[in-house]
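Whatever order the structure lists them in is the order used to number ligands and atoms, beginning at 1.
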Amino acid sequence: MSEAKIKKITPESLEEAADLLRRGQLVAFPTETVYGLGADACSDEAVASTFQAKGRPQFNPLIAHIADISWVDSFAVFSPSARKLAEAFWPAPVTLVMERKPDCPISLLVSAGLDSVAVRYPSHEGARAMIAAFGNPVSAPSANVSGTVSPTTAEHVFQSLGDRIPLILDGGPCLVGVESTVLDVRADKPVLLRAGGLAVEEIVEKTGLDVLFPDKDPALPRSPGQLSSHYAPRLPVRLNALYPEEGEAFLGFGAVENATLNLSEKADVREAAAHLFAYMRLLDKPCYRGIAVSPIPMNDLGLAINDRLKRAAYPRS
Ligand code: AMP
Ligand code: MG
């Protein structure tokens, strides 16, 4: 395939994207979290080509993206907690894992063969416009090679998948910058499968729901595809560093000295989340021997940042 075209979001580029999706092709598009690699979620062939383009293991399920809450009724079951969360937050950086309906038209590859399906209604206007123009759910993982740092600009997508897809819609840098929060909402109490762009504190405060953590209770469901090593730059990553060692780049947070780049000088975890992946890429250079990262607090989006950093730092074989 020839190189991907990068196009700003216009009525014409949205129509081109919808047309490519209808023909079973892949389109990268911006969301508020990271750039997604979209495919027709109801087409086995289109979804299969997503796994192939990314080199993603097939046991790792994808998220079905929708352009209106009403779309859910045609393929998944709203439990009471799912309904409450969707009404409180959607469109938002939160993904709800629901039970598939018996006649669910979404490819089983999206669900990795499970009887559940993960659903997200993104708040990014360009994303919603593309999905609405297509008119059906769009499956999308992050638009990068599996295991590497997630893309938060169209340029990042081009560097990773530019020779494998026809079109990248450019909506500028992603505002949230980390992937969506994933909640299993099939039971009364939501289970946190992945920390992400919607803070657990906000979920509890706005809905009064009790969020359960699988780390703290081995009996709770876990998510397939949450791999120990993920989001990884080429260089080794050292966590909770107070200063850089000889030859290391230093990714700082707050009032630190000698930072090569600072995720947020004013120690704001939301600003840090928005910078995280882009700054990891900028520091992933052969002139350094590793990336040392300041401690990041666990509150608000700090939970998601620490989750991504832990996986980025996991020893690779
Ligand atoms: P990504 O596309 O890389 O943002 O990853 C989506 C993640 O959502 C997967 O790695 C899973 O951890 C989670 N997920 C998606 N679908 C399901 C599902 N049916 N059940 C549990 N977790 C899911
Ligand atoms: Mg990903």
Side-chain angles (χ1 to χ4, degrees), residues 26 28-39 41 47 50-66 72 75-77 79 82 92-101 104 106-122 124 127 137-152 156-157 160-161 174 176-187 190-198 212-215 220-233 273 276-277 280-281 304 307-309 311-312 314:
L26 304 178
F29 64 104
T31 80
E32 69 277 23
T33 59
V34 302
Y35 274 69
L37 182 59
V47 177
T50 317
F51 286 90
Q52 199 178 22
K54 277 182 64 82
R56 180 172 170 116
Q58 297 230 354
F59 58 77
N60 192 353
L62 307 179
I63 296 169
H65 292 70
I66 57 173
V72 173
F75 65 88
V77 181
S79 67
V94 61
T95 295
L96 303 177
V97 173
M98 305 182 191
E99 194 186 317
R100 290 172 68 101
K101 283 194 166 165
C104 178
I106 292 188
S107 168
L108 267 169
L109 277 174
V110 171
S111 297
L114 302 167
D115 49 15
S116 57
V117 59
V119 190
R120 186 160 103 80
Y121 179 16
H124 192 288
V138 171
S139 60
S142 51
N144 59 325
V145 170
S146 192
T148 63
V149 180
S150 301
T152 54
H156 296 160
V157 179
S160 200
L161 300 175
C174 301
V176 175
V178 288
E179 291 81 354
S180 59
T181 300
V182 181
L183 297 167
D184 186 329
V185 288
R186 288 173 292 169
V191 178
L192 184 73
L193 298 181
R194 175 175 75 185
L198 181 68
L212 304 179
F213 293 78
D215 299 359
L220 292 173
R222 264 150 215 277
S223 196
Q226 293 293 298
L227 306 175
S228 304
S229 173
H230 204 152
Y231 315 107
L276 179 69
F277 291 134
M280 286 208 321
R281 281 168 185 266
D307 169 81
R308 305 303 184 269
L309 286 172
R311 295 177 208 279
Y314 194 83

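- The shortest heavy-atom contact between P221 and V191 is O-CG1, 3.8 Å.
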Measure and list all N/O to N/O distances between ligand 1 and the protein that fall under 3.5 angstrom.
{"residue": "ligand 1", "atom": "2 (O)", "partner": "R56", "partner atom": "NH2", "Å": "3.4"}
{"residue": "ligand 1", "atom": "3 (O)", "partner": "R56", "partner atom": "NH1", "Å": "3.1"}
{"residue": "ligand 1", "atom": "4 (O)", "partner": "R194", "partner atom": "NH1", "Å": "2.9"}
{"residue": "ligand 1", "atom": "4 (O)", "partner": "R194", "partner atom": "NH2", "Å": "3.4"}
{"residue": "ligand 1", "atom": "5 (O)", "partner": "R56", "partner atom": "NH2", "Å": "3.4"}
{"residue": "ligand 1", "atom": "5 (O)", "partner": "R194", "partner atom": "NH1", "Å": "3.4"}
{"residue": "ligand 1", "atom": "10 (O)", "partner": "N60", "partner atom": "OD1", "Å": "2.6"}
{"residue": "ligand 1", "atom": "12 (O)", "partner": "S223", "partner atom": "OG", "Å": "2.6"}
{"residue": "ligand 1", "atom": "12 (O)", "partner": "P224", "partner atom": "O", "Å": "3.0"}
{"residue": "ligand 1", "atom": "12 (O)", "partner": "Q226", "partner atom": "NE2", "Å": "2.8"}
{"residue": "ligand 1", "atom": "19 (N)", "partner": "S116", "partner atom": "OG", "Å": "2.9"}
{"residue": "ligand 1", "atom": "22 (N)", "partner": "S223", "partner atom": "OG", "Å": "2.7"}

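- Of the candidates K54, H156, R56, K54 is the only one forming a side-chain hydrogen bond (donor to acceptor under 3.5 Å, both in side chains) with N144.
- With a 4.5 Å cut-off on side-chain heavy atoms, R120 and P93 count as touching.
- For the pair L309/L276, a side-chain contact is recorded, criterion being any heavy-atom separation below 4.5 Å from C-beta on.
- The two residues V34 and S150 come nearest to each other via the heavy atoms CG1-CB, 4.0 Å.
- Among V72, V94, L96, I66, the one residue that satisfies the side chain to side chain contact (heavy atoms under 4.5 Å, CB included) test with Y121 is I66.
- Take V77 and apply the side chain to side chain contact (heavy atoms under 4.5 Å, CB included) test, not counting sequence neighbours, and it matches E99, K101.
- Checked against side chain to side chain contact (heavy atoms under 4.5 Å, CB included), S107 has the following partners two or more places apart in sequence or in another chain: D44, V47, L109, V110.
- Ordered by chain and number, S142 OG make up the set of protein N, O or S atoms under 2.8 Å of the Mg ion (ligand 2).
- The shortest heavy-atom contact between R308 and A195 is NH2-O, 2.9 Å.
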